[in-house]
Structure formats: C-alpha cells, structure tokens
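A short worksheet on the structure shown next.
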Amino acid sequence: MHELVVTQSILDISLRHAQKAGAEKITGINLVIGEFASIVDDSVQFYWELYAQGTIAQNAQLHFERIAGEMTCTNCKLSFHPKDTDFACPDCKSEFVQITKGDEFRVESIDVE
Amino acid sequence: MTIRVPIVENILNANDHLAVENNSRLESAGVYSINIMASPGAGKTSLIEQTLPRLKDKLRVAVVDGDIATSIDADRAANAGAQAAIQINTGGDCHLDAVMLRGALEQLDLTQFDLLIVENVGNLVCPASFKLGTHKSILIASIPEGDDKPYKYPGMYRGVDALVINKIDLLPYVPFKMDYFERGVEVLNPGVVTFPLSAKTGEGMDAWTNWLVEQVKSKR
Ligand SMILES: Nc1nc2c(ncn2[C@@H]2O[C@H](COP(=O)(O)OP(=O)(O)OP(=O)(O)O)[C@@H](O)[C@H]2O)c(=O)[nH]1
Ligand SMILES: [Mg+2]
Ligand SMILES: [Zn+2]
C-alpha cells in the first residue's frame, strides 16, 4: 500500500499552497480521484492525523470527489461506464472505445482561514 | 472566514519531477532504460535472465531489482551476466519510486552502461502510478494469471509502451482466451507492441531482444 506516500504528497502540496496564500489554518482539502487512477482510500484520513500533526493542516478534513470511469464509443459516440468484464460499447457493440474519464488524481483546492 | 484556494496539482507531482531528473541523468550518460512491471511471479526475473545472454557482446547492461526484501533477484541477474546488479529493498513498499531509483543510480557509474533494466516490485496496481524516469515501461502478463487481467487492472495496461505475454508454453494447459485478452488490451492501449514468448523454452525471445536492441540503438 502506498497511502503513506500519497498522504505525504497531499500534505506537502497543501502546505506549500497555503503558505503562498498566507493562510493561518487549512480546514479542508479537496481531492479528485478517478476510478482508473491510483488507489486512494479513506485510510489517508487516518494517516493524516499522524503526518499533519503540528502543522497548520492538522485538523483539515479531506474530501474525496470520486470520478467514475467513462468510456466513449468512437463509432456511435455513446459514453458509458464499462462493465467489469467487457469494454465493448453496450449499444452498437463496437470495440473501438476510448477512456474519457477516470484518470484524475489531483489536489483540486484547499479551504483555508 | 474560509477561503477556497484553487490548486489543481497532480498528487504525485513531486515523484514526477524526480523522475524527470532521473531521466536527464540517464540521458546525459547515454543510458537507455526500461522499467519492467508485472504481478508477482509473472516472470520478470526469468525474462531478464533469458535476455542478458542474448545481449552479451552487444550491450553493457546494468540491472536494478526492486523487492520488498531479499537480494535473490539481483543475484540471479548477476549470475545471468549483468555487468552490475543492484538490489533495492523497499522495506514494505509495494512499488519502486523515483527516489529509490535515484539512490540506485548514484551507486552506478552510468558511463559504463548502454542499457539499464529495472525490475519493479511484483504488483499490478501501484507501480503504474510512480514514474521512475526510465525511457520505456514494459508490462509482463503471463498465461496462468488469466485472460481477464486487462479488465481488472486497467491502470497498469494503459500506461505501458510494450507488453510481453510470458509463459506461452503453458497455453495448452491453462484456459486463456487470447482474443478476449487482446480485446481488453486494444481498448486500453491501442496498437501497443506485444511479444508473446516463453522465458522457459526461449520461444519468442529473439523478437523481444531484437526490439530492445533496436530501441537502444535508435537512442544513440
Ligand atoms: N512454464 C513457465 N514458467 C515460467 C516462465 N517464466 C517464468 N516461469 C516460472 O515462473 C516462476 C516465477 O518466475 P520469476 O521470474 O521469479 O517471476 P518474477 O516476476 O520475477 O517474480 P517476483 O520478482 O517474485 O515478483 C518461476 O518458477 C519461473 O520458473 C515461462 O515462460 N514458462
Ligand atoms: Mg523477480
Ligand atoms: Zn457504440
């Protein structure tokens, strides 16, 4: 599991931007995580309590916006959530499809005081 | 009063930056590098063992082996003829990252090598997220893992530059629908170059090593 590195990275990014903004306290951190991106589960909040201690982010609440994976059929242009075992277009059955959502993996914004 | 500060920064940005640094270090020393990823037991070390003798007298090769513990794989690479073999023990981490590779690069006189082969930790999820700064990412799928792996681990299949399908000697014994497997791969990574081979019998090894030598040469 690499939740530790992920936690550390989120903390570094948040503190750097908070300092730039002259913030005294980070109250919330807004993350956008796509279904096809790296795994990040709620245990990050748990590690947070350890890692962020003594920083202006120690009481920050992490908010996860999860983006469902989406594929788009290049034949009929339908966008759909792929089945677990089959990526073909559910409508025209074409196998020419592209991933159009689900790669997101970023710190979107922070809420500061 | 609460203010929202927009950021929009990739979470693994710091790793990505270090990967770029690793890449320039390799570039300036003229070393071509590949990052081999696969599930545990897919045959990463076996592929390296079969590849090294075929590159003898053609390329000077260094191998960096990532494992949670032990130096078994680096020893195997050294025995197979690697000019240098360095083991990185991640101490529990499920992947190599750019910091770990930087540590390994510091132990090597890079001017002595043409090719660096990195064997990542056996894992089909995490290594995909951590760029190392190598020139190419290679995924090994193996027949006994089953034909549904592209569907279950799309992140890994998406990001790679070449796909090795290992253990084809087992095709007669294991149910594996190659067309189903390939359809999944095609969606995730259209046109990716594929090498079906057996690191046991050697079948298909030449196509793979010829490609690798071509890659190194085209870089020079
Ligand atoms: N039948 C068959 N067995 C193979 C082949 N390639 C590797 N193996 C066997 O698969 C097992 C695992 O091979 P390794 O090369 O150690 O796999 P690995 O991916 O390096 O494993 P880890 O580093 O532990 O993740 C060994 O018992 C190999 O002998 C192959 O092409 N055919
Ligand atoms: Mg190995
Ligand atoms: Zn369609």
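Throughout, a chain's letter reflects where its sequence line sits, starting with A, and its residues are numbered from 1.
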Can you confirm whether [X] is buried at [atom1], in the sense that more than 12 heavy atoms of other residues, nucleotides or ligands lie under 6.0 Å from that atom?
| X | atom1 | result |
| --- | --- | --- |
| A/Glu24 | CD | no |
| A/Lys101 | NZ | no |
| A/Phe64 | CZ | yes |
| B/Lys131 | NZ | no |
| A/Glu113 | CD | yes |
| B/Glu203 | CD | no |

Criterion side-chain contact (heavy atoms from CB on, under 4.5 Å) on B/Val8 and A/Glu108, from CA distance to verdict: CA-CA 4 Å; B/Val8 193; A/Glu108 187 73 7; 4.1 Å; yes
Can you give me the closest heavy-atom contact between [X] and [Y], atom names plus distance?
| X | Y | answer |
| --- | --- | --- |
| B/Asn10 | A/Ile13 | O-CD1, 3.5 Å |
| A/Phe36 | B/Pro154 | CD2-CG, 3.8 Å |
| A/Ala21 | B/Val5 | CB-CG2, 4.0 Å |
| B/Val187 | A/Glu95 | CG2-O, 3.5 Å |
| A/Asp84 | B/Tyr151 | O-CB, 3.2 Å |

Pick from B/Lys152, B/Arg158, B/Glu186, B/Glu9: which one has the most heavy-atom pairs with chain A under 4.5 Å? B/Glu9
Under a 4.5 Å heavy-atom cutoff, which of B/Gly159, B/Pro150, B/Pro6 has the most pairs with chain A? B/Pro6
Under a 4.5 Å heavy-atom cutoff, which of A/Ile10, A/Val5, A/Ile99 has the most pairs with chain B? A/Ile99
Top contributor to chain B interface from A/Asp12, A/Val112, A/Asp86 [non-hydrogen pairs under 4.5 Å]: A/Val112
Name the region of B/Arg183, side chain, backbone, both or neither, that has any atom closer than 4.5 Å to a heavy atom of chain A. side chain
Please state whether the side chain, the backbone, both or neither of B/Tyr153 comes within less than 4.5 Å of a heavy atom of chain A. neither
Measure [X] against the heavy atoms of chain B and call it side chain, backbone, both or neither at under 4.5 Å.
| X | result |
| --- | --- |
| A/Asn30 | side chain |
| A/Val32 | neither |
| A/Leu31 | side chain |
| A/Thr85 | both |

Can you list the steps and then say if A/Val107 with B/Asn13 is a side-chain contact (heavy atoms from CB on, under 4.5 Å)? CA-CA 10 Å; A/Val107 183; B/Asn13 204 7; over 6 Å; no
Quick check for you: to the nearest 0.5 Å, what is the distance between A/Lys25 atom NZ and B/Thr2 atom OG1? 8.5 Å
For the CD1 atom of B/Ile7 and the CZ atom of A/Arg16, what is their distance to the nearest 0.5 Å? 8.0 Å
